[in-house]
Number of protein chains: 2
Amino acid sequence: MADPMYRQIAEDLRRQIEAGELPPGAQLRTELELREKYNASRNTIRDAIKWLITRGLVETRPGQGTFVIETIVPYVTSLTGNPTTASGGEGTSYKPEVEARFRKASDTLPQVGIEEAAEPMATEMALAEGTSVVSRHQQRYIDGTPWSLQTSFYPMDLVQKGAVRLIQAGDITEGTVAYLRESAGIKQAGYRDTITVRAPDMNETAFFRLPDDGRISVVEQRRTAYSDDGRPVRLTVSVYPADRNQFSVVVGQVPDNARVPDSPPSPAAAPESGGG
Amino acid sequence: MADPMYRQIAEDLRRQIEAGELPPGAQLRTELELREKYNASRNTIRDAIKWLITRGLVETRPGQGTFVIETIVPYVTSLTGNPTTASGGEGTSYKPEVEARFRKASDTLPQVGIEEAAEPMATEMALAEGTSVVSRHQQRYIDGTPWSLQTSFYPMDLVQKGAVRLIQAGDITEGTVAYLRESAGIKQAGYRDTITVRAPDMNETAFFRLPDDGRISVVEQRRTAYSDDGRPVRLTVSVYPADRNQFSVVVGQVPDNARVPDSPPSPAAAPESGGG
DNA sequence: GGGTATTTGTCCGTATGTATT
DNA sequence: AAATACATACGGACAAATACC
């Protein structure tokens with residue numbers, strides 16, 4: 001009984017949700033009803049609900065009520081693949097990869113721009129600050145839901161070497177990895193991803209339609225691709241909301257039938273650990 | 001002026017923080033002082049501060065005040081490595097890998113247990129539900145701070161095949177990958193990681209000393225390792241708090257001097273994107 | 001160790017605004 | 001237009017944690 005009242009109320013509701021008594025999508029009783037049930041003030045009820053909101057268990061809709069969050073079927077992006085072709089969320093392979101999993105993919109045409117390299121991009125691409133780079137930006141959807149944002153940067157001298165379609169807004173249907181090889185003789189030898197989880201910025205919150213209290217984080221993947229002479233040829237920054245994305249990494253020999261699960265491991269099923 | 005007052009107050013404080021007028025560690029004015037400055041009630045000031053808290057910008061300490069969050073230097077875990085030895089956060093390579101980056105690593109002795117396989121573990125390890133598995137659990141620290149939790153599961157029949165040290169509490173200093181090869185003739189051929197971002201459970205919140213409002217998520221990595229005959233030999237579940245960890249994936253040929261950055265890309269420096 | 005001032009945490013009540021049905 | 005339900009904002013009171021003397 002050491003816990004404050006709003007926590008006890010929140011834990012009681014949480015228990016009901018996790019026990020399935022309040023299934024996803026179910027409506028909770030109104031604040032006034034809960035106020036009577038728990039014999040607390042409306043503000044205390046609201047404190048309890050806020051606690052549930054920050055844990056992603058419920059959401060409130062003005063004029064409607066409070067509802068148990070409905071889970072999203074995550075999409076699994078593979079981070080490993082053949083580095084000399086396209087893969088791991090790169091270019092042309094996006095749509096077929098998604099649709100192989102019976103989901104509808106769509107994306108916007110690349111928005112092309114020319115920028116000056118600034119930190120930390122300049123260091124990651126081994127360019128002097130202020131060097132011109134081409135940026136190509138795309139928004140991606142799965143089943144009509146905004147799913148990821150991707151911006152690729154290329155050193156401007158690739159255009160001079162023949163890769164002129166980089167600065168045109170159209171799709172490069174064969175994939176930029178193949179296009180750079182054919183047009184400029186750049187052979188991609190490998191890439192390195194750096195993956196960070198952080199809070200979404202305002203643009204991301206708006207595009208992904210995330211709750212604007214920042215409780216859902218995004219995964220930022222920064223992929224630096226290198227040519228066979230060891231020079232960076234591309235930086236691709238992809239941003240994925242954490243509530244609808246998973247990732248997989250495959251190293252070595254793995255049997256084909258070992259499928260990636262289609263739903264996230266539930267916290268309750270994870271090994272109970274810690275607290276030492 | 002469409003924004004509610006608490007938001008305007010919060011945005012003003014946020015601006016000061018992001019402009020550096022309130023550097024990390026700095027103390028904000030007290031709720032009563034802010035109340036006078038913004039001509040609002042204390043509860044409205046508190047709503048503004050709560051908004052900043054959920055965005056990870058400030059923290060409150062009862063009896064002391066409100067402070068700008070101090071950033072943590074993240075540790076970068078590599079998810080790719082040589083699958084036939086130890087790597088990618090596996091076993092014996094943990095300490096040397098961490099200390100190569102001039103940081104102090106420590107971990108607890110493995111806590112060994114025997115459990116019955118339940119879902120989703122049974123499916124991931126291709127075992128019938130109820131089959132016995134050995135679990136080995138460790139807690140890991142960097143620079144004295146709790147950094148990750150790791151539990152590995154092995155089918156019990158590996159013990160019968162000779163890997164008896166799996167069920168002993170001591171460290172397997174040569175690494176379990178090497179030990180399984182020597183003792184039971186199991187050659188690890190590869191692995192698959194599935195990576196999910198989710199809210200921490202209560203054990204994790206306590207062990208990692210996370211704020212108990214759940215605003216910092218954890219990264220859950222489930223690694224299924226396969227032997228050369230294509231059978232799962234191990235499931236390792238690692239949990240990392242998102243505020244102090246980054247990950248890297250390397251595929252193909254990448255130059256050595258391309259170092260992973262030691263600090264996270266700041267949201268401000270990320271390419272501005274999104275927004276329909 | 002004790003006492004006091006300071007600061008945030010919890011809880012109450014009330015009034016009014018806004019979104020939805 | 002009316003009813004319902006959540007959102008914002010005010011005010012007050014006391015508790016709990018911390019720092020300082």
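We name chains A, B, ... by the order of the sequence lines, and we start the count at 1 in each one. In what follows, every heavy atom counts, from backbone to side chain, and hydrogens, waters and symmetry copies are set aside.
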Output the single nucleotide from [options] whose closest atom is nearest the side chain of [X].
X	options	value
B:Glu31	C:dC11, D:dC6, C:dT8	C:dT8
B:Arg42	C:dG9, D:dA7, C:dC11	C:dG9
A:Asn43	C:dT7, C:dT14, D:dC6	C:dT14
A:Thr44	D:dA7, C:dC12, C:dT8	C:dC12

With A:Tyr240, the ring pair (Phe, Tyr, Trp, His ring centres under 6.0 Å) member among A:Phe207, A:Phe247, A:Tyr75, A:Trp147 =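 With A:Tyr240 as partner, ring pair (Phe, Tyr, Trp, His ring centres under 6.0 Å) holds for just one option, A:Phe247.
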query = Which distance, rounded to the nearest 0.5 Å, do you find between the CD1 of A:Ile69 and the CD1 of A:Ile17?
reply =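 Spacing of CD1 (A:Ile69) from CD1 (A:Ile17) equals 9.5 Å.
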message = Does the structure show a Watson-Crick or G-U wobble partner for D:dA1, both distances under 3.5 Å? Name it, or say none.
response =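 Partner of D:dA1: none.
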request  = Assign each of A:Pro62 and B:Gly63 to its nearest nucleotide of DNA chain C by heavy atoms, then name whichever residue's nucleotide is nearer the 5' end.
outcome  =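 Looking at DNA chain C, the more 5' nearest nucleotide goes with B:Gly63.
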query = So what does B:Ser41 hit on the nucleic acid, given a heavy-atom distance under 4.0 Å: a base, only sugar-phosphate, or nothing?
reply =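 The residue B:Ser41 makes base contact.
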Sugar-phosphate only, base, or nothing, as touched by B:Arg61 at under 4.0 Å among non-hydrogen atoms =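 Since only primed, P, OP1 and OP2 atoms lie under 4.0 Å of B:Arg61, the category is sugar-phosphate.
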query = Is A:Glu36 close to A:Glu33 at the side-chain level, that is, under 4.5 Å between some pair of heavy atoms?
reply =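 They are not in contact (no side-chain heavy atoms under 4.5 Å apart), so the answer is no.
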key: Short side-chain N/O contact to D:dC6 OP1/OP2 from A:Thr66, under 4.0 Å   =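 For A:Thr66, the contact criterion (side-chain N or O under 4.0 Å from OP1 or OP2 of D:dC6) is met.
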Euclidean distance, atom [atom1] of residue [X] to atom [atom2] of [N] [Å, nearest integer]:
X	N	atom1	atom2	value
B:Phe67	D:dT18	CZ	P	12 Å
A:Arg29	D:dC6	CZ	C1'	18 Å
B:Trp51	D:dA9	CH2	C1'	18 Å
B:Arg46	D:dA7	CZ	C1'	18 Å
A:Leu32	D:dA7	CG	P	13 Å
A:Asp47	C:dG9	CG	P	12 Å
A:Ile45	C:dT14	CD1	P	16 Å
B:Tyr38	D:dT8	OH	P	18 Å

key: Along DNA chain D (nearest heavy atom to each residue), the more 5'-positioned of B:Gln64 and B:Tyr6   =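 Here B:Tyr6 is the residue nearer the 5' end.
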query = Is the NZ or CZ atom of A:Arg61 positioned over A:Phe67's six-membered ring, under 6.0 angstrom from the centre and within 45° of the axis?
reply =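 Checked: cation-pi criterion met.
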inquiry  = For A:Ser217 and B:Ser217, which I'm curious about, is there any donor-acceptor pair between the side chains at under 3.5 Å?
reply    =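 A pair is found: one side chain offers a donor N or O, the other an acceptor, under 3.5 Å apart.
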